[in-house]
Amino acid sequence: MKILKIAAVSAVFAAQFTLAQFKQTPLPYAYNALEGSIDAQTMEIHYSKHGAAYASNLNKAIAGTPQEKENLIKILSETSKLSPAVRNNAGGHYNHELFWTILTPEKNTQPSAKLSKAINETFGSMDAFKEKMSKAGADRFGSGWAWLSVDKNGKLFVSSTPNQDNPLMDVVEEKGTPILGIDVWEHAYYLKYQNKRADYLSAIWNVLNWKEVSKRYDAALSKK
Ligand code: MN
């Protein structure tokens with residue numbers, strides 16, 4: 001009888017837990033796959049410790065709240081009404097899930113013709129865009145992110161946010177759908193680059209997954 005009771009309670013607990021189960025997607029390459037630009041130890045700690053903590057702390061922060069039944073985009077869109085723990089960890093989870101996918105060991109991936117054209121039209125050239133993006137990351141005081149996003153009119157823009165905020169949040173001034181995000185927290189680069197954030201920001205283009213960014217660009221435009 002006692003055993004049955006425990007089993008029943010566990011089943012209810014499991015069902016509740018599943019509801020709030022934000023999970024990391026597996027890293028699409030090995031920890032050492034980006035060596036030369038991002039070292040294996042940084043990738044391992046970043047993904048398996050920092051990334052994992054955002055997901056599990058998000059689950060804890062929303063446990064027993066209406067956000068348990070919401071998707072991540074919805075949660076991000078209403079951060080002004082939610083606790084700092086939800087804001088930081090929902091942002092952290094979303095940002096890192098995006099970050100792993102826009103990196104790749106594949107060499108010389110290229111933006112689609114459509115994205116390439118939009119970058120040239122918006123920023124003047126690919127080099128001018130990279131410079132603007134790197135500057136956004138370099139100028140971010142303390143921890144945060146540099147973003148390339150699509151605004152509500154389908155236009156590209158570069159911005160930067162502090163902490164784990166991102167352009168999907170209602171609290172952020174420059175809103176849009178991020179298609180490329182660069183993590184400039186020290187945990188993303190300090191073991192290899194120490195204080196030289198600019199060197200990390202210039203190396204990251206060597207491992208950028210332009211196929212993924214192009215895919216996200218198409219998806220962002222199709223929602224307009
Ligand atoms: Mn990070």
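Keep in mind the model is a prediction, meaning the values are calculated, not measured. Both ligands and their constituent atoms are indexed starting at 1 by order of listing. Position 1 is the first residue of the sequence, and the numbers go up from there.
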Q. Judged by modelled atom types alone, do Trp147 and Thr161 share a side-chain donor-acceptor pair under 3.5 Å?
A.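 Looking only at side-chain atoms, Thr161 and Trp147 do form a donor-acceptor pair, the distance falling under 3.5 Å.
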
Q: Would you check if the distance from the ring center of Phe99 to the ring center of His46 is below 6.0 Å?
A: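 Yes.
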
(Q) Please give the atom name: the N, O or S atom of His187 nearest to the Mn ion (ligand 1). (A)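 For His187, the N/O/S atom sitting closest to the Mn ion (ligand 1) is NE2.
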
Q: Verify side-chain contact (heavy atoms from CB on, under 4.5 Å) between Leu156 and Ile179, making sure each step is shown before the conclusion.
A: CA-CA 9 Å; Leu156 291 173; Ile179 62 171; 4.0 Å; yes

Q.
At a threshold of 2.8 Å, where the distance has to be below it, does the Mn ion (ligand 1) have an N, O or S atom of His50 nearby?
A.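 Looking at His50, which is the residue asked about, there is no N, O or S atom under 2.8 Å from the Mn ion (ligand 1).
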
Q. About how large, to 10 degrees, is the angle OD2 of Asp183, then the Mn ion (ligand 1), then NE2 of His96?
A.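 Result: 100°, to 10°.
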
Q | N-O pairing of Lys155 and Asp151 below 4.0 Å | A |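 Answer for the salt bridge query: no.
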
